[in-house]
K.L.:
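Here it is, the structure in full.
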Amino acid sequence: MANRIRVLLTGAASTLGREILAQLLDMRTVFEISVFDIKRGHTMALFERHKKDLHIYYGDCSVPENSVEACKRQDFVIHCHSLDKTNADKRLRLAEDVNTMGTRYILENLERFSPHAYFLYISTVGVYGDRLKAPMISADNMPCPSMGDYDALTKLQAEKLVQESALESTIYRPGIILGHESSALNSSVFFMPLATRFEAVHIRDLASACVNAYDHRIYLWGRIYNVGGGEGCRITYQDYLRRLFSLLGLGNPDFPDKAFATRNRYGGYFADSDVLEDILHFRRYTIEDYFRELKAEHPILKKLANKIFGGMQLKSMEGKSAPLRAAKENDKAKMKYYF
């Protein structure tokens, strides 16, 4: 297996990282795989299962010295290591350390030890901010993260570092990532305005777009791409929730006014997501495939709904709504983020 492509995957134990790793392992005759992530129980368990096929590096990317060994002699780097959005939006300083400075240190170590590596950075649709009034998004649109979206803000800062780097690079801005149980529901479910239009991308399709980027790098270098599933992955948030609640046996809940925010989130349809598809042909899944998968995972969904909403009753759900709570308490400092 001589002359394999030496690839480094950061954040390999994250939800997206695990899917990318699975696809890289399917192509182990093509790729010599290195993984980098923080040493935790679930990370070690994942890497241990595949240790004969991996070069394993543990560390924190916000500590420059931690990633030195991982960054040596690499041809291709997929950087999807980041702080999860819920934590990032609550802890700006930590988000800066991980998302922005962590990216900087990875880039600097690569410039020193793998100066010819091709660098792929996974950013977020959140950099475009609130697009309720202008839902069609193109990669050349001015980024404008919403207030309090520190995940998007720090990833936008990281994008600038990538663009200024001496490495050949590409930036992906994926839409809402679907295809695993945590994408169906999360603690910020009420933060998204019901009128939001969004273009999703299945997690397996996004992983495919990452893995196949190296072979097409000559067409991708120096550019930013919106990564979406196209028209077959477009839906409004209201319709998304309606179908989700139907799968959970909740029918069509009649939420009170102000249960959901009406502004200051993110989303939209990509006017240019076909550009990357025309190069990579990565799309395999639609929103209908996603809902079929969710239906098959109904017990997992029900357990997740109980965890997030505190129960399957409407009153329990309402009690989890931060916008509704802010409105009832007339908390103007918090209401500005929602209405």
Side-chain angles (χ1 to χ4, degrees), residues 3-14 16-21 23-25 27-28 30-39 43 47 53-83 94-124 127 154-174 206-207 209-225 227 280:
N3 301 318
R4 288 186 298 168
I5 300 162
R6 293 165 297 187
V7 59
L8 169 64
L9 174 62
T10 72
S14 66
L16 176 58
R18 291 197 302 271
E19 184 59 44
I20 296 172
L21 178 58
Q23 294 193 22
L24 288 172
L25 286 167
M27 300 176 66
R28 57 173 61 85
V30 176
F31 292 106
E32 182 179 338
I33 308 163
S34 296
V35 290
F36 178 84
D37 213 326
I38 293 175
K39 193 172 189 177
T43 307
F47 294 169
D53 295 308
L54 301 175
H55 301 290
I56 300 170
Y57 301 95
Y58 293 111
D60 182 347
C61 68
S62 65
V63 180
E65 298 80 12
N66 281 187
S67 61
V68 168
E69 290 303 316
C71 288
K72 291 181 177 179
R73 299 175 298 280
Q74 300 296 346
D75 301 312
F76 179 27
V77 179
I78 304 173
H79 183 45
C80 66
H81 186 112
S82 66
L83 193 63
L94 182 59
E96 288 175 334
D97 287 345
V98 176
N99 295 353
T100 306
M101 298 307 295
T103 301
R104 173 188 167 182
Y105 298 140
I106 293 283
L107 288 167
E108 289 177 348
N109 285 332
L110 288 169
E111 287 173 345
R112 181 178 177 187
F113 297 109
S114 298
H116 301 295
Y118 170 55
F119 188 86
L120 178 62
Y121 179 62
I122 314 302
S123 185
T124 172
V127 300
T154 53
K155 286 180 178 176
L156 186 60
Q157 293 168 342
E159 284 189 15
K160 188 172 187 296
L161 295 172
V162 173
Q163 291 172 312
E164 292 173 348
S165 167
L167 299 176
E168 292 172 332
S169 63
T170 300
I171 294 169
Y172 282 176
R173 291 173 178 167
L206 176 56
C210 293
V211 171
N212 291 311
Y214 187 81
D215 280 346
H216 298 82
R217 61 196 183 281
I218 190 171
Y219 305 106
L220 305 179
W221 285 336
R223 296 190 62 181
I224 297 173
Y225 291 92
V227 190
L280 298 180

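Keep in mind that what you see is a predicted model, and the values were worked out from it rather than measured.
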K.L.:
Decide yes or no for Cys61 and Val98: does some side-chain heavy atom of the first lie under 4.5 Å from some side-chain heavy atom of the second?
P.N.:
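Yes, close enough: below the 4.5 Å cut-off.
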
K.L.:
Can you name the closest pair of heavy atoms from Arg4 and Phe31 and give their distance?
P.N.:
NH1-O, 3.3 Å

K.L.:
I'd like to know if the side chain of Asp37 and the backbone of Ala12 have a donor-acceptor N/O pair within less than 3.5 Å.
P.N.:
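Side chain of Asp37 to backbone of Ala12, a donor-acceptor pair under 3.5 Å: yes, one is there.
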
K.L.:
Return the CD1 to CD1 distance between Ile33 and Ile20, rounded to the nearest 0.5 Å.
P.N.:
11.5 Å

K.L.:
Any heavy-atom pair between the side chains of Leu167 and Tyr118 that's under 4.5 Å?
P.N.:
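Heavy-atom side-chain distance check fails, nothing below 4.5 Å.
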
K.L.:
I'd like to know whether Trp221 forms a side-chain contact (heavy atoms from CB on, under 4.5 Å) with Arg223, so could you lay out the CA-CA distance, the side-chain angles of the two residues, the decisive distance to 0.1 Å, and finally the verdict.
P.N.:
CA-CA 6 Å; Trp221 285 336; Arg223 296 190 62 181; over 6 Å; no

K.L.:
When rounded to the nearest 0.5 angstrom, what is the spacing between CG in Leu8 and CD in Glu69?
P.N.:
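Atom-to-atom, Leu8:CG and Glu69:CD are 12.0 Å apart.
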
K.L.:
Ignoring hydrogens, what is the shortest heavy-atom contact between Pro64 and Val68? Give both atom names and the distance.
P.N.:
O-CG2, 3.8 Å

K.L.:
Using the test side-chain contact (heavy atoms from CB on, under 4.5 Å), find all partners of Ser123 that sit at least two apart in sequence or belong to another chain.
P.N.:
Tyr121, Val127, Lys155, Glu159, Ile171, Arg173

K.L.:
Assess the side chains of Asn109 and Ser67: does a donor N or O sit below 3.5 Å from an acceptor N or O?
P.N.:
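Result is yes, a qualifying pair exists.
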
K.L.:
Rounded to the nearest 0.5 Å, what's the gap from OH on Tyr57 to SG on Cys71? Could you check?
P.N.:
9.5 Å

K.L.:
I want to check something: taking the side chain as every heavy atom from C-beta on, are Tyr58 and Phe47 in contact at a cut-off of under 4.5 Å?
P.N.:
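Sidechains of Phe47 and Tyr58: in contact.
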
K.L.:
Ignoring hydrogens and angles, tell me if any N or O in the side chain of Arg28 forms a donor-acceptor pair with the backbone of Leu25 under 3.5 Å.
P.N.:
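Such a contact is found between Arg28 side chain and Leu25 backbone.
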
K.L.:
Would you compute the distance between atom CG of Leu110 and atom NZ of Lys72 and round it to the nearest 0.5 angstrom?
P.N.:
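If I round to the nearest 0.5 Å, the distance is 12.5 Å.
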
K.L.:
In Å and rounded to the nearest 0.5 Å, what is the CG to CD1 distance from Leu161 to Ile106?
P.N.:
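Going from CG on Leu161 over to CD1 on Ile106, the span is 12.5 Å.
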
K.L.:
Hey, mind stepping through Val7 and Leu24 against side-chain contact (heavy atoms from CB on, under 4.5 Å) and telling me if it holds?
P.N.:
CA-CA 9 Å; Val7 59; Leu24 288 172; 4.2 Å; yes

K.L.:
Measure from the side-chain N and O atoms of Ser14 to the backbone N and O of Gly17, and report whether any donor-acceptor pair falls under 3.5 Å.
P.N.:
yes

K.L.:
Quick check: closest heavy atoms across Thr170 and Leu220, and the distance to 0.1 Å?
P.N.:
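Distance-wise, the nearest heavy atoms are OG1-O, 2.8 Å.
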
K.L.:
In residues 73-82, what donor-acceptor pairs under 3.5 Å come from side-chain atoms, sequence neighbours left out?
P.N.:
unit_1: Gln74; atom_1: NE2; unit_2: Ser34; atom_2: OG; d: 3.3
unit_1: Gln74; atom_1: NE2; unit_2: Ala70; atom_2: O; d: 3.0
unit_1: Asp75; atom_1: OD1; unit_2: Arg6; atom_2: NH2; d: 3.1
unit_1: Asp75; atom_1: OD2; unit_2: Arg6; atom_2: N; d: 2.8
unit_1: Asp75; atom_1: OD2; unit_2: Arg6; atom_2: NE; d: 3.2
unit_1: His79; atom_1: ND1; unit_2: Thr10; atom_2: OG1; d: 2.6
unit_1: His79; atom_1: NE2; unit_2: Thr103; atom_2: OG1; d: 3.0

K.L.:
Working to the nearest 0.5 angstrom, can you tell me the gap between Met101 CE and Glu96 CD?
P.N.:
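Here the rounded value is 9.5 Å.
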
K.L.:
Take Arg104 and Glu108 through the test salt bridge (charged side-chain N to carboxylate O under 4.0 Å, His left out) and record every step on the way to the result.
P.N.:
CA-CA 6 Å; Arg104 173 188 167 182; Glu108 289 177 348; 2.9 Å; yes

K.L.:
Restricting to side-chain hydrogen bond (donor to acceptor under 3.5 Å, both in side chains), what partner residues turn up for Ser165, sequence neighbours left out?
P.N.:
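For Ser165, the residues satisfying side-chain hydrogen bond (donor to acceptor under 3.5 Å, both in side chains) (neighbours in sequence not counted) are Glu111.
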
K.L.:
Taking atom types as modelled and ignoring hydrogens, do the side chains of Asn99 and Thr154 form a donor-acceptor contact shorter than 3.5 angstrom?
P.N.:
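Indeed, the side chains of Asn99 and Thr154 share at least one donor-acceptor pair under 3.5 Å.
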
K.L.:
Answer whether the closest heavy-atom distance between the side chains of Val162 and Leu107 falls below 4.5 Å.
P.N.:
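A side-chain contact exists here, since the closest heavy-atom pair is under 4.5 Å.
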
K.L.:
Flag the pair Cys210 / Tyr172 as yes when at least one side-chain heavy-atom distance between them is below 4.5 Å, and no otherwise.
P.N.:
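A side-chain contact under 4.5 Å exists here.
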
K.L.:
Does a donor on one side chain sit under 3.5 Å from an acceptor on the other, for His55 and Glu32?
P.N.:
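Yes, side-chain donor-acceptor contact under 3.5 Å.
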
